[in-house]
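What follows is a set of notes on a single structure, which appears directly below.
Start at 1 and go down the list; that is how both ligands and their atoms are numbered.
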Amino acid sequence: MAAIESTPELVKGIYERTRRQLAVIRKRLARPLTLTEKVLFGHLDDAEHAELDAGKAYVALRPDRVALQDATAQMALLQFMLAGMDRAAVPTTVHCDHLIIARSGAASDVARAIEMNKEVYAFLETCSARYGVGFWKPGSGIIHQVVLENYAFPGGMMIGTDSHTPNAGGLGMFASGVGGADAVDVMSGFPWEVLQPKLIGVHLTGKLSGWTAPKDVILKLCEILTVKGGTNAVVEFFGPGCDSISCTGKATATNMGAEHGATTSIFPYDRRMEVYLRATRRGAIADLANANRDLLTADPEVAAHPDRFFQRVVEIDLSSLEPHLVGPHTPDLARPLSKMPAAVKENKYPAKISAALVGSCTNSSYEDISRAAAVAKEAMAAGVKARIPLLITPGSEQVYATIERDGLLQVFHDFGATVLANACGPCIGQWQREEFPKGTPNTIVNSFNRNFPARNDGNPATLSFIASPEVVVAYSVAGTLDVNPVADAIPVNDHKVRLSPPPAAPEVPEKGFVFKADGYEAPPQEGAAVKVQVPSGSDRLQLLEPFAPWDGNDFVELPVVMKAKGKCTTDHISPAGPWLKFRGHLDNISNNLFLGAVNAFSGEAGKGKHPITGEVMEFTKIARDLKARGMHWVAVGDENYGEGSSREHAAMEPRHLGGVAIIARSFARIHETNLKKQGLLPLHLVDPKDYDKIREGDRVSITGLKDLAPGKPVKVILAHADGSKDEIACRHSFNAEQLAWFRAGSALNVLRGKK
Ligand code: MIC
Ligand code: SF4
């Protein structure tokens with residue numbers, strides 16, 4: 001059986017193949033190549049014949065690895081079980097990190113999670129063993145941190161069923177977030193198909209110093225690109241500034257690339273990555289990377305003339321970059337800390353901060369925790385502790401054991417912080433917060449990456465602001481957004497405290513990492529005898545039935561279940577938090593469909609008028625009732641519909657409840673693919689203004705489906721309640737092969753046909 005680890009032999013083989021493929025590509029293109037292109041073309045399924053046209057052509061790629069996290073792995077593995085494979089075709093790991101609820105602290109929270117999620121963990125564990133997948137138990141760490149410590153390597157390619165998979169770009173990997181159906185293709189030995197991304201170059205000059213952190217690089221970039229500016233593009237960092245950012249700091253910047261929508265983000269191989277590889281016991285891979293540096297960095301012409309190679313070039317001067325805070329409710333609303341007090345007044349944000357949180361996959365490295373601890377220490381030397389609840393989530397067992405050895409945990413305890421389990425916790429709504437019931441306005445500050453309404457505590461009235469870990473700790477001392485905690489003197493009772501910038505923290509611990517992999521379980525050599533545990537009658541797990549194929553007819557006069565206004569992220573379509581427990585049960589989780597979507601006709605979230613009875617009820621109940629009546633339906637979205645996560649539940653739920661098409665002004669990449677893969681039609685309004693033509697009570701006909709073809713518009717007819725009609729043009733992004741997904745009912749059905 002092939003190793004699950006990224007062994008030096010595996011990496012060597014990948015470099016050799018990349019070198020061979022690039023020779024072919026250099027002949028074809030006869031021009032210098034960016035780093036992104038090197039890794040991408042190095043992983044083409046067919047370098048000789050692949051059509052190459054960034055932003056237009058789909059490329060078939062051969063990723064080296066797959067990573068799944070527990071909340072998405074359930075649906076991915078349930079689909080994989082239908083694919084008829086005996087073993088996963090590429091090294092794959094499952095990580096249990098999303099289902100642990102933060103309540104009282106690490107040990108008791110993990111123990112409670114193991115009890116509460118028993119059947120789900122047993123399913124994931126036995127399914128991993130059955131199909132040759134590596135299994136990381138609850139408490140072992142957050143997927144992206146564990147992958148960075150163990151599996152990522154420069155020049156590799158990975159897909160993961162989580163939108164923050166690009167974290168591994170900090171170690172020079174092309175790592176992309178996908179839905180489970182994409183993962184199933186690759187685990188079944190088929191290529192991963194993705195739109196060949198356009199290229200955005202981010203030129204870093206200057207040097208990080210003082211309070212400015214790697215987080216500020218990405219917060220600034222999100223402001224520049226906005227939440228959709230990276231869609232179908234890869235962000236490639238380059239320039240002399242890269243060197244002042246550690247490997248894990250680089251991972252912070254690539255991780256949060258999910259927030260501007262990029263396919264992935266990547267840094268060129270450098271000495272900081274080498275340091276990290278050696279510190280994580282991968283010296284042999286560092287040697288290989290050193291010997292293949294030309295494959296892991298862009299050709300020199302790229303830095304000399306970036307405009308010729310990137311569709312867009314963004315300049316960021318690290319020396320003049322200020323620490324930022326972004327939010328509330330969207331990751332691209334950025335302000336330097338110095339502007340916050342005024343912004344609070346102007347927007348009437350609650351100034352008092354109710355909680356500060358450090359952690360998440362984005363910011364939970366040894367360096368992050370050290371910088372945060374340094375601020376805490378300084379405050380304590382000045383006689384203050386955290387003046388509001390401060391919660392810390394380390395990224396992995398390895399980080400936890402190392403900060404424990406180095407006395408940093410003690411610093412946090414002395415400072416009055418609570419250290420939570422090595423898991424996602426409050427980042428994904430796994431936060432039991434009785435003191436702030438739903439609807440209570442309050443402000444929180446955290447080092448996470450996503451801040452959509454209701455994300456952290458299920459309370460849409462919580463305003464969530466994002467900053468670097470060190471700034472979050474500084475705010476825990478200030479307790480209010482009214483002062484700039486890194487520049488102003490902070491009033492504390494009768495005196496004032498001024499915090500100086502944390503010293504540059506060691507990027508890897510001086511005494512080395514404490515290695516801990518107790519949480520890992522390798523699959524047996526032979527898995528066929530393992531029985532995958534899916535208890536019958538479970539409300540958490542349900543074996544899947546393939547979706548029915550398209551019946552060959554146009555969709556005629558379908559009701560509109562939901563028309564969303566404004567942001568409609570996957571957190572609006574299929575919220576997480578309490579719903580995470582149903583991620584392995586399609587029918588049960590479908591009860592959360594569109595719960596957060598804001599009804600364009602009424603402004604109310606989650607509810608609309610039943611198109612037949614006229615009764616106002618939850619969208620999900622309307623959908624279920626229409627399904628019971630044997631009717632299909634459509635839903636309508638606004639801009640960047642499905643922004644945010646990779647959860648394919650947001651596509652499978654509408655499909656399961658009878659939806660056939662989503663019409664929107666635009667879609668986020670992962671979600672659009674998820675819709676297509678599950679057999680739905682994502683239709684873009686050719687003229688975004690046509691969004692306004694869709695009225696309450698409309699019946700929608702989607703015509704000419706027999707002749708659906710790549711690049712060909714689709715005619716949609718709106719029959720209004722007053723008897724009048726409108727015709728609007730839509731476009732789709734299916735290529736010829738993908739159209740088979742729609743016809744067969746889903747991509748999985750096509751895959752099953754091939755087996
Ligand atoms: C998230 O950050 O939203 C998640 C939870 O990690 C998701 C995946 C999921 O919904 O399970 C993501 O980012 O893809
Ligand atoms: Fe987990 Fe949050 Fe990272 Fe998603 S963003 S993987 S929920 S820590």
| query | Just by distance, do the side chain of Gln678 and the backbone of Ser746 share a donor-acceptor pair under 3.5 Å? | reply | no
| field | Heavy-atom nearest neighbour in the protein, as seen from atom 10 (O) of ligand 1, with distance rounded to 0.1 Å | value | Arg647 NE, 2.6 Å
| request: Pick one of side chain, backbone, both or neither for how Ile428 approaches ligand 1, counting any non-hydrogen atom pair under 4.0 Å. | output: side chain
| Is the closest basic N to carboxylate O distance between Lys118 and Glu115 below 4.0 Å? | yes
| message | Tell me which pairs pass side chain to side chain donor-acceptor pair (under 3.5 Å) where either residue lies in residues 164-174, with sequence neighbours left out. | response | His164-Glu259, His164-Asn449, Asn167-Asn255
| Got a donor-acceptor contact below 3.5 angstrom from the Thr264 side chain to the Ser176 backbone? | no
| With a 4.0 Å heavy-atom cut-off (strictly under), which part of Asp162 contacts ligand 2: side chain, backbone, both or neither? | side chain
| request: Quick one: look up the protein heavy atom nearest atom 8 (C) of ligand 1 and list residue, atom name and how far away it is. | output: Gln69 NE2, 3.1 Å
| Pair Tyr131 + Phe80: ring centers closer than 6.0 Å | yes
| said: To check your reading of the model: name the closest protein heavy atom to atom 2 (O) of ligand 1, its residue, and the distance in Å. | reply: Arg455 NH2, 2.6 Å
| query | Are there any protein N/O/S atoms under 2.8 Å from atom 2 (Fe) of ligand 2, and if so, which? | reply | Cys427 SG
| query | Looking at atom 6 (O) of ligand 1, what's its closest protein heavy atom, distance included? | reply | Asp162 OD2, 2.6 Å
| query | Mind checking whether Phe513 and Tyr276 have parallel, tilted or perpendicular rings, split at 30° and 60°? | reply | perpendicular
| field | atom 7 (C) of ligand 1 [closest protein heavy-atom partner, distance rounded to 0.1 Å] | value | Ser645 CB, 3.3 Å
| message | Side chain, backbone, both or neither: which applies to Arg455 and ligand 2 if a contact is any heavy-atom pair less than 4.0 Å apart? | response | side chain
| query | Would you find a donor on one side and an acceptor on the other, under 3.5 Å apart, between the side chain of Thr569 and the backbone of Gly644? | reply | no
| Would His329 and Phe452 count as a close aromatic pair, with their ring centres under 6.0 Å? | no
